[in-house]
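These numbers were taken from a predicted model, which means no experiment stands behind them. What you see below is based on every heavy atom in this structure, not just the backbone, and it leaves out hydrogens, waters and symmetry mates.
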Amino acid sequence: MNKIQFYILVVLSLLLGVIFPFVLPDRFFLDAGLIVEDPGNEKGWIGSYPLTMLFYAVTRLGQLPYSLVALIQLPILYLCFRLIGIPDKFQLFTIKNILVYLSFIMIAVFIGQPSKEFFTFLFMGLIVLIFQPKELSLGVCLLISFSLFVVFGAVFRPYFAFIPIISIGIFLITRIKFTNRWILGIVTGMAVIVLLSFSHNLVKGSFFSEMSREALNLERMDKEDADTMIVSPIPPTNIFGEAFATVYGFISVNLPINGLKFFYKPQVVAFVFWQLLLTWILFVRFGYLLKDYTYRKKEFWLMLFLLSYLVIQAIFEPDLGSAVRHKIGVFPLFYFLLYYDEFKRKIS
């Protein structure tokens, strides 16, 4: 029954991927339009936008209707899930399963069109698959994955290169015998990214959140899609402001209670509850992995990669909409970590 449920969701997602371009508002496809049209002739080999534009131009996928793009791209993404595994009790209506069911629909929304997240999703799927074979030791998995994060950061999104650094920082602090090490680990991750940002400010004269989130939001302050922006109450003009902006950003994208003020926007309220439940389950599982580290070393490091990404979102993410889009891009990590105990036969 678990496999039947999986394939039912796949078929439903494909149908929705075909329908969504005809029913969703244009704002859901602004990024896709920019990628396909490439108004500034930016296509190239370095950078998320240039590389994505080049891919859709060379493959001619950019010339197809979005519904056909969905029919081509979505099966590739679900094949990635199939390779990772299908949970044994996937057919049961548990909170965890329902969150994943909803995520299948969100994948159809955000990646059933020309999208940068198509590449991020496949990359994260590859990272998970590297850690699954019993034949590969933890050291080999870490060496390969760290190298891939650096390369992916160099050619696609620079902040992915920070994941090995942040994950090592969290790992080292969690080896100390403290109470509530999971909280200390997350705080350490934020401290590492703030220190990296401070170093960047010393060299380049700007903090990470100042040059990314704050700069982008300043440009679109009065636009229609600006109401869910993440704007720190304290400007990140010094290291203390940057530290506060990082904590504020982390809470905004992972515990977005402030998003409930958009009660008149069902999609935002739905995201808030989806995110709160997902964060709660992940933090609980992080606690379990801390206790079982001796037997769950590979799973623990995958959790560190995910936590590192969540910390990075805290400093770069401009609004709630992009936050959920980017989380869907790394969903193979979420998927594996939600069910790692059911995939234990494939991993050592």
Side-chain angles (χ1 to χ4, degrees), residues 5-6 9 13 77-78 80-81 84-87 89-90 92-111 117 120-121 124-125 127-128 163 166-167 170 182-183 185-187 189-190 228 230 247-260 262 265-290 296 299-317 319-343:
Q5 179 75 346
F6 178 84
L9 288 170
S13 178
L77 304 182
Y78 296 128
C80 180
F81 282 154
I84 293 172
I86 300 175
K89 300 178 181 179
F90 197 54
L92 302 181
F93 285 88
T94 62
I95 292 177
K96 181 169 59 177
N97 286 346
I98 291 172
L99 289 175
V100 176
Y101 299 166
L102 293 174
S103 301
F104 272 60
I105 298 173
M106 294 160 75
I107 289 170
V109 173
F110 293 116
I111 319 185
E117 304 316 313
T120 307
F121 191 103
M124 282 302 188
I127 294 295
V128 173
I163 287 181
I166 299 171
S167 61
I170 299 175
W182 66 274
I183 296 178
I186 295 170
V187 172
M190 287 190 278
T228 60
I230 299 170
V247 175
Y248 181 83
F250 184 85
I251 294 173
S252 296
V253 298
N254 296 299
L255 298 165
I257 299 175
N258 56 343
L260 291 175
F262 301 105
K265 291 190 172 186
Q267 73 275 17
V268 177
V269 175
F271 160 71
V272 169
F273 284 104
W274 176 84
Q275 182 61 70
L276 288 173
L277 288 171
L278 188 62
T279 299
W280 170 64
I281 292 175
L282 285 172
F283 284 178
V284 170
R285 297 184 84 71
F286 181 37
Y288 290 157
L289 286 172
L290 278 170
R296 293 284 191 213
E299 293 91 336
F300 184 74
W301 273 97
L302 287 174
M303 178 64 80
L304 294 186
F305 292 163
L306 179 57
L307 293 177
S308 299
Y309 182 81
L310 298 183
V311 168
I312 289 170
Q313 277 197 304
I315 208 166
F316 288 107
E317 209 65 73
D319 57 60
L320 294 180
S322 64
V324 64
R325 179 187 294 270
H326 293 154
K327 277 191 171 68
I328 292 301
V330 299
F331 204 76
L333 263 182
F334 283 100
Y335 180 76
F336 176 81
L337 290 168
L338 286 172
Y339 300 107
Y340 71 80
D341 48 348
E342 298 186 45
F343 299 144

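Taking CE of Met106 as the reference point, atom CG of Leu102 lies at 7.5 Å (rounded to 0.5 Å). Here the CD1 atom belonging to Ile312 is positioned 4.5 Å from the CD1 atom belonging to Ile163, to the nearest 0.5 angstrom. Rounding to the nearest 0.5 Å places CG of Leu310 at 7.5 Å from CG of Leu282. Separating the CD1 atom in Ile98 from the CG atom in Leu92 is a distance of 10.5 Å, to the nearest 0.5 Å. For the atom pair CE (Met190) and CG (Leu307), the distance works out to 10.5 Å, reported to the nearest 0.5 Å.
The backbone N or O of Leu278 lies less than 3.5 Å from no partner atom in the side chain of Lys96, so there is not a single donor-acceptor pair. Panel note: side chain Tyr78, backbone Ser13; no donor-acceptor pair is recorded below 3.5 Å. Side-chain atoms of Ser322 come within 3.5 Å of backbone N or O of Asp319 as a donor-acceptor pair.
Summarising the geometry of Gly329 relative to Pro332, their closest heavy-atom pair is O-CD, 4.1 Å, with the distance given to 0.1 Å. Across all non-hydrogen atoms, the minimal contact from Trp274 to Leu99 is NE1-O, 3.4 Å. Residue Ile170 comes nearest to Gly185 through the heavy atom pair CG1-O, 3.4 Å, listed as atom of the first residue, atom of the second, then distance. Residues Ile107 and Phe121 share a closest heavy-atom pair of CD1-CE1, 3.9 Å. Closest approach of Pro256 and Ser252 over heavy atoms only: CB-O, 2.9 Å.
Ring orientation note: the planes of Phe300 and Phe286 are close to parallel, at an angle under 30° on the 30°/60° scale. Using bins of under 30°, 30° to 60° and over 60° for the plane-to-plane angle, the ring pair Phe331/Phe334 lands in the parallel bin. Note: Phe6 and Phe90 have tilted aromatic rings, judged against thresholds of 30 and 60 degrees for the angle between ring planes.
Two residues are said to be in side-chain contact when any heavy atoms from C-beta on lie closer than 4.5 Å; Ile127 and Leu302 meet this criterion. Between Phe81 and Val128 the shortest side-chain heavy-atom distance does not fall below 4.5 Å. Looking at heavy atoms from C-beta onward, Lys327 lies in side-chain contact with Val253 at the 4.5 angstrom threshold. Looking only at side-chain heavy atoms (C-beta outward), Tyr340 and Glu299 come within less than 4.5 Å of each other. In this structure, Leu337 and Leu306 have side chains that are in contact, with non-hydrogen atoms separated by less than 4.5 Å. No side-chain heavy atom of Ile105 sits under 4.5 Å from any side-chain heavy atom of Tyr101. Looking at heavy atoms from C-beta onward, Asn97 lies out of side-chain contact with Gln5 at the 4.5 angstrom threshold. Looking only at side-chain heavy atoms (C-beta outward), Gln275 and Asn254 come within less than 4.5 Å of each other.
In summary, Arg296 and Asp341 do not engage in a salt bridge, as defined by a charged side-chain N under 4.0 Å from a carboxylate O.
Ring to ring, Tyr339 and Tyr335 are close: their centroids are under 6.0 angstrom apart.
Applying the 6.0 Å contact sphere to OH of Tyr288 captures no more than 12 heavy atoms from other residues, nucleotides or ligands.
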For this session: Could you give me the CA-CA distance, side-chain angles and deciding distance for Tyr309 and Ile166, then say whether side-chain contact (heavy atoms from CB on, under 4.5 Å) is met?
Result: CA-CA 9 Å; Tyr309 182 81; Ile166 299 171; over 6 Å; no
Exercise. side-chain contact (heavy atoms from CB on, under 4.5 Å) between Val272 and Ile257: does it pass, once the steps are laid out?
Worked result: CA-CA 7 Å; Val272 169; Ile257 299 175; 5.8 Å; no
For this session: Take Glu117 and Ile328 through the side-chain contact (heavy atoms from CB on, under 4.5 Å) test and state the conclusion after the steps.
Result: CA-CA 8 Å; Glu117 304 316 313; Ile328 292 301; over 6 Å; no
Exercise. Can you list the steps and then say if His326 with Glu317 is a side-chain hydrogen bond (donor to acceptor under 3.5 Å, both in side chains)?
Worked result: CA-CA 9 Å; His326 293 154; Glu317 209 65 73; 2.7 Å; yes
For this session: Take Phe305 and Val330, measure what side-chain contact (heavy atoms from CB on, under 4.5 Å) needs, and give me the verdict at the end.
Result: CA-CA 10 Å; Phe305 292 163; Val330 299; over 6 Å; no
